[in-house]
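Take a look at the structure set out below.
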Amino acid sequence: MSEPSPLSLCVFCGARFGADPGARDIAVRLGGLLAREGITLVYGGGGVGLMGLVANAALAGGATVVGVIPQFLLKREAGHPDLTETVVVETMHERKLQMFERSDAFVVLPGGLGTLEEFFEVLSWRTLGLHSKPIVIVDQGGYWEPLAALLRGVVEGGFAERTHLDHVAFISDLDDLLPTIAAMPRAAGPEKTLDRV
């Protein structure tokens, strides 16, 4: 039996726009989708790059938008001034934990090193059995194809179980996002509590 749509969705994406204009389009479309479906957006709290585009589109559609940002990044990432809720934390570790705890699923759009770091943390937590929240990568324009190949290589190299590849789904069409999240397997029973940093 499939799960209902998430009540809140965490989006990891770039604080820059990237070279491909298609990335901007997918960010705006995702924000609009969340608003139409009544899903709360949880993200890194910035008002720049793809982060800002997702947040602005979600807000324009009437969605609840929660930004989690460390104090030292408020100026660097131009903290978004119009969010429904802004959670200011001290460290990057606290930021990721807050985003995790406030979300029912994770979506990865194009981004840089910070996006990769956020993705790998929630993926590693899932492989350790700390949660079973869906993780979906929107592979806009093939941007994440090298990442998919890397993950397959880790499994083929004997450093991860084959089943670990089932913990993340790659999609190329945003229309597949919510059906993919709903179809991903979830563990039965309560999830383990992550230790606070």
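With sequence neighbours left out, Glu145 forms a salt bridge (Lys or Arg N to Asp or Glu O under 4.0 Å) with no residue at all. Qualifying side chain to side chain donor-acceptor pair (under 3.5 Å) partners for Arg102, counting only residues two or more places apart in sequence or in other chains: Glu85, Gln98. Considering only residues two or more places apart in sequence or on other chains, Tyr43 meets the ring pair (Phe, Tyr, Trp, His ring centres under 6.0 Å) condition with none of them. Applying the side chain to side chain donor-acceptor pair (under 3.5 Å) test to Gln71 and every residue at least two apart in sequence or in another chain returns nothing. With sequence neighbours excluded, the residues that form a side chain to side chain donor-acceptor pair (under 3.5 Å) with Ser8 are Asp104. Looking at residues two or more places apart in sequence or on another chain, you find no side chain to side chain donor-acceptor pair (under 3.5 Å) involving Asp139.
The CG atom of Leu34 lies 11.0 Å from the CG atom of Leu59; values are rounded to the nearest 0.5 Å. Taking OG1 from Thr180 and CZ from Phe170, the interatomic distance works out to 12.5 Å, rounded to the nearest 0.5 Å. A distance of 9.0 Å separates CD1 in Ile26 from OG in Ser172, rounded to the nearest 0.5 Å. With rounding to the nearest 0.5 angstrom, the CG atom of Leu41 is 8.5 Å from the OG atom of Ser103. In this structure, the separation between CG on Leu30 and CG on Asp25 is 11.0 Å, given to the nearest 0.5 Å. Distance check, rounded to the nearest 0.5 Å: OG1 of Thr91 to CG of Leu97 gives 9.0 Å.
Nearest heavy-atom pair, Ala160 versus His164, reported as atom, atom and distance to 0.1 Å: CB-ND1, 3.6 Å. Closest heavy-atom contact between Val138 and Pro110: O-CD, 4.2 Å. The two atoms that bring Leu109 and Thr115 nearest to each other are O-CG2, 3.8 Å, heavy atoms only. The two atoms that bring Gly44 and Ile69 nearest to each other are O-CB, 3.4 Å, heavy atoms only. Smallest separation of non-hydrogen atoms from Val54 and Cys13: CG2-SG, 4.4 Å. Taking each heavy atom of Thr84 and Ala63 in turn, the nearest pair found is OG1-O, 3.9 Å.
Judged by a 6.0 Å distance limit and a 45° cone about the ring axis, Lys96 is not positioned over the six-membered ring of Phe12.
Using bins of under 30°, 30° to 60° and over 60° for the plane-to-plane angle, the ring pair Phe100/Trp125 lands in the perpendicular bin.
Note on Val107: it does not cluster hydrophobically with Leu53, by side-chain heavy-atom contacts below 4.5 Å among ILVMFWY residues. Clustering ILVMFWY residues whenever any of their side-chain heavy atoms sit less than 4.5 angstrom apart, transitively, puts Leu177 in the very cluster that holds Val11. The hydrophobic cluster containing Val66 does not contain Leu50, counting ILVMFWY residues as joined when their side-chain heavy atoms lie under 4.5 angstrom apart, directly or transitively. Tyr143 and Val28 fall into different hydrophobic clusters, where Ile, Leu, Val, Met, Phe, Trp and Tyr residues are linked whenever their side-chain heavy atoms come under 4.5 Å apart, directly or through other members. Cluster annotation: Leu116 and Met99 are assigned to the same hydrophobic cluster (Ile/Leu/Val/Met/Phe/Trp/Tyr, side-chain heavy-atom contacts under 4.5 Å, transitive).
More than 12 heavy atoms of other residues, nucleotides or ligands shown are found within 6.0 angstrom of CD on Glu117. Around the CG atom of Leu150, the shell of radius 6.0 Å holds more than 12 heavy atoms that belong to other residues, nucleotides or ligands.
Using modelled atom types, no side-chain atom of Arg24 and backbone atom of Phe17 make a donor-acceptor pair closer than 3.5 Å. Proximity of a side-chain donor or acceptor of Arg126 to a complementary backbone N or O of Lys133 within less than 3.5 Å is detected.
Contact of the Val65 side chain with the His80 side chain is not registered, since no non-hydrogen atoms from C-beta on lie closer than 4.5 Å.
Applying the side chain to side chain contact (heavy atoms under 4.5 Å, CB included) test between Val168 and each of Leu151, Val108, Val122 identifies Leu151 as the sole match.
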